[in-house]
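Working notes, structure below.
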Amino acid sequence: MTVKVDSPPVRTSRRASPWGRGAAAAAAGALPALAFPAPSLWWLAYGALVPWMLLARSAPTGRRAALDGWLGGAGFMVAVHHWLVPSLHVFIVLLALLLGALWAPWGWLVRRLLGGNPGGRSVVAATVLVPCAWLLAELVRSWESLGGPWGLLGASQWQVAPALRLASVGGVWLVSFVLVAVNTALTALVAVPRWRGRAGAALVVCAVATAAVWLWAPVPSRTGTAVRVAVVQPGVVVGAQQRFDQGERLTRGLAGRDVDLVVWGESSVGFDLSARPDLAARLAALSSLVGADVLVNVDARRADGRGISKTSLLIGPDGPLGEGYDKMRLVPFGEYVPARGLLGWATSVGRAAGEDRVRGDHQVVMDAGAVRLGPLVCFESAFPDMSRHLADDGAQLLVAQSSTSSFQNSWAPAQHASLAALRAAETGRPVVHATLTGISAGYDAAGRPTGPWLGTSRSATRVYEVPLAAGRTLYDRLGDWVPRLAVLLLAGAAVHAFRRSARSPR
């Protein structure tokens, strides 16, 4: 593949304001956020990047295109995480600028391949390499200390069945790749009339490849067994004791409903049960009453003096069962402050954690009798590798315990609930998402809802009939092969371009 090395400069108006161009880049970058919940304009993701890419390709220099990519990335970060403003205040702008820099190479590459009057091979290369560069930005920002993989572009397609099938093959990464490839081809259709045929062919390839995956990709088969999982959502309740009492009252209402498992949300128990045997006894009595184990999450200072942790515990009629799970991946600033000695001032301008939570060091699969379950706590459901690890360890059901009560009237609850559909499709394991204040949800092994969402206005229980599945998805077997391939393709293209420039110095 030959990549065009130089693109002729693009004529721009001398009166064009760099500040206006910067604002346009930030606004264009923010546009894709509308494809995510709560707006859920999922179809917008197939063209939302086009204005941003048109701006980058028209940049007078590569440096300006990189700046367009940077500012657009910052706009996207603010838009998809805007509900964090009450917690982080001005700090969210600093974080967005930091993470937005990951899109600077992407903006430069858009101009490099599509700027000016590109050749046909350059247009074809763009439909492969521009998505690869986007994936590289997503991969780096998915590091826990940089905020984690929240708002990956592919996650906007959580309710689109063909996209979920793509996720079963290559994870959310493959969905992101296809979306950016489609946007790149559309950009070429609009801006490079000379090569519309090749851009159109790229769109056809994306459609045919998606259809092929939809028709032939293996899917886990149902075992014929279904478990009835009851989610207990107490709603907005002030005080740890009041929250426990409300959860207990709602759970009592499940007696006689033939449930196999009861799930309480994140931070549903605000006391160390080893120091409160009375509460442990009440939970054991609930398990005996409803005839099912109860999965709770303890968010409290440990009686042994080891600090505060978020621990998932399975409670049976005789008390705690087996090993508990301590949350491993903590929310930056929400549950710990990265480099607290340097960034501790964030606690004075927002609702950053005043004390770091204790971090767990390994995942746990629990035996609840009717089903082997793998717990995830809060935004751990955003990490594809954690779900894969639990599935590989024998979990038949993934359970995400969450609390988004700090962001009750924002897009956050809906965004969080939608992530479970991606994790289900990727692993071929059903997922139940249980929260304190909504939104709670259940999905089968293909990522399809097993019942209606339990919204943020509800204080109630809901029983999800969850069919179990056997077998492994291709993504579960192969792991993150898509981002690895993207890195290799970018590296190969860089070596090729370097060799060309060495042979033909300008």
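Nothing fancy with the numbering, it's 1 onward along the sequence.
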State whether a side-chain donor-acceptor pair under 3.5 Å links Asp476 with Thr427.
-> no

Can you find a side-chain donor-acceptor pair between His389 and Asp393 that sits under 3.5 Å?
-> yes

Rounded distance (nearest 0.5 Å) linking atom CD of Gln363 with atom CG of Leu376 | 6.5 Å

Is the shortest heavy-atom distance from the side chain of Arg388 to the side chain of Glu426 under 4.5 Å?
-> no

Can you tell me if Ser418 and Gln159 form a side-chain donor-acceptor pair at under 3.5 Å?
-> no

Any side-chain heavy-atom pair from Val358 and Ile308 closer than 4.5 angstrom?
-> no

Might you confirm whether atom CZ of Arg196 has over 12 heavy atoms from other residues, nucleotides or ligands at distances under 6.0 Å?
-> yes

Quick one: does Ser122's side chain get under 4.5 Å of Leu114's, heavy atoms only?
-> no

When Thr187, Val180, Leu49, Asn183 are each screened for side-chain contact (heavy atoms from CB on, under 4.5 Å) with Val130, the one that passes is Val180

Side-chain heavy-atom pair Ser168, Tyr475 within 4.5 angstrom cut-off = no

Between Ser410 (side chain) and Ala412 (backbone), is there a donor-acceptor pair under 3.5 Å?
-> yes

Identify which one of Trp411, Phe383, Trp83, Trp143 satisfies the ring pair (Phe, Tyr, Trp, His ring centres under 6.0 Å) criterion when paired with Trp150.
-> Trp83

Side-chain touch Gln401/Val231, heavy atoms, less than 4.5 angstrom | no

Any ion pair linking Arg243 and Asp299 (charged N to carboxylate O, less than 4.0 Å)?
-> no

Do the side-chain N and O atoms of Thr435 and Ser440 include a donor-acceptor pair separated by under 3.5 angstrom?
-> yes

Does the His416 side chain pair with the main chain of Cys378, one donor and one acceptor, at a distance under 3.5 Å?
-> yes

Going from CE on Met77 to CG on Leu146, what distance comes out if it is rounded to the nearest 0.5 angstrom?
-> 10.5 Å

Would you kindly check if the NZ (Lys) or CZ (Arg) of Arg448 is within the cone defined by 45 degrees around the ring axis of Tyr443 and under 6.0 Å from the six-membered ring centre?
-> no

Side-chain touch Cys206/Leu203, heavy atoms, less than 4.5 angstrom | no

Does some side-chain heavy atom of Val377 sit less than 4.5 Å from a side-chain heavy atom of Tyr325?
-> yes

N/O donor-acceptor pair under 3.5 Å between Arg111 side chain and Ala59 backbone | yes

Decide whether Asp480 and Trp173 meet the rule of one side-chain donor and one side-chain acceptor closer than 3.5 Å.
-> yes

Looking at Phe76, Trp106, Trp70, which hits ring pair (Phe, Tyr, Trp, His ring centres under 6.0 Å) with Trp52?
-> Trp106

Mutual orientation of the aromatic rings belonging to Trp134 and Trp103 [parallel < 30°, tilted 30-60°, perpendicular > 60°] | perpendicular

Student check: side-chain heavy atoms of Val213 and Pro162 closer than 4.5 Å = no

Please walk me through it: do Arg64 and Asp68 pass salt bridge (charged side-chain N to carboxylate O under 4.0 Å, His left out)?
-> CA-CA 6 Å; Arg64 179 68 232 194; Asp68 291 339; 3.0 Å; yes

Looking at Arg302, Arg306, Arg359, which one forms a salt bridge (charged side-chain N to carboxylate O under 4.0 Å, His left out) with Asp326?
-> Arg302

Polar side-chain atom of Arg141 near backbone of Leu102 as donor-acceptor pair, under 3.5 Å = no

Can you list the steps and then say if Glu266 with Lys310 is a salt bridge (charged side-chain N to carboxylate O under 4.0 Å, His left out)?
-> CA-CA 8 Å; Glu266 178 191 15; Lys310 292 191 174 182; 2.7 Å; yes

How far does CG of Leu166 sit from CG of Leu179, to the nearest 0.5 angstrom?
-> 9.0 Å

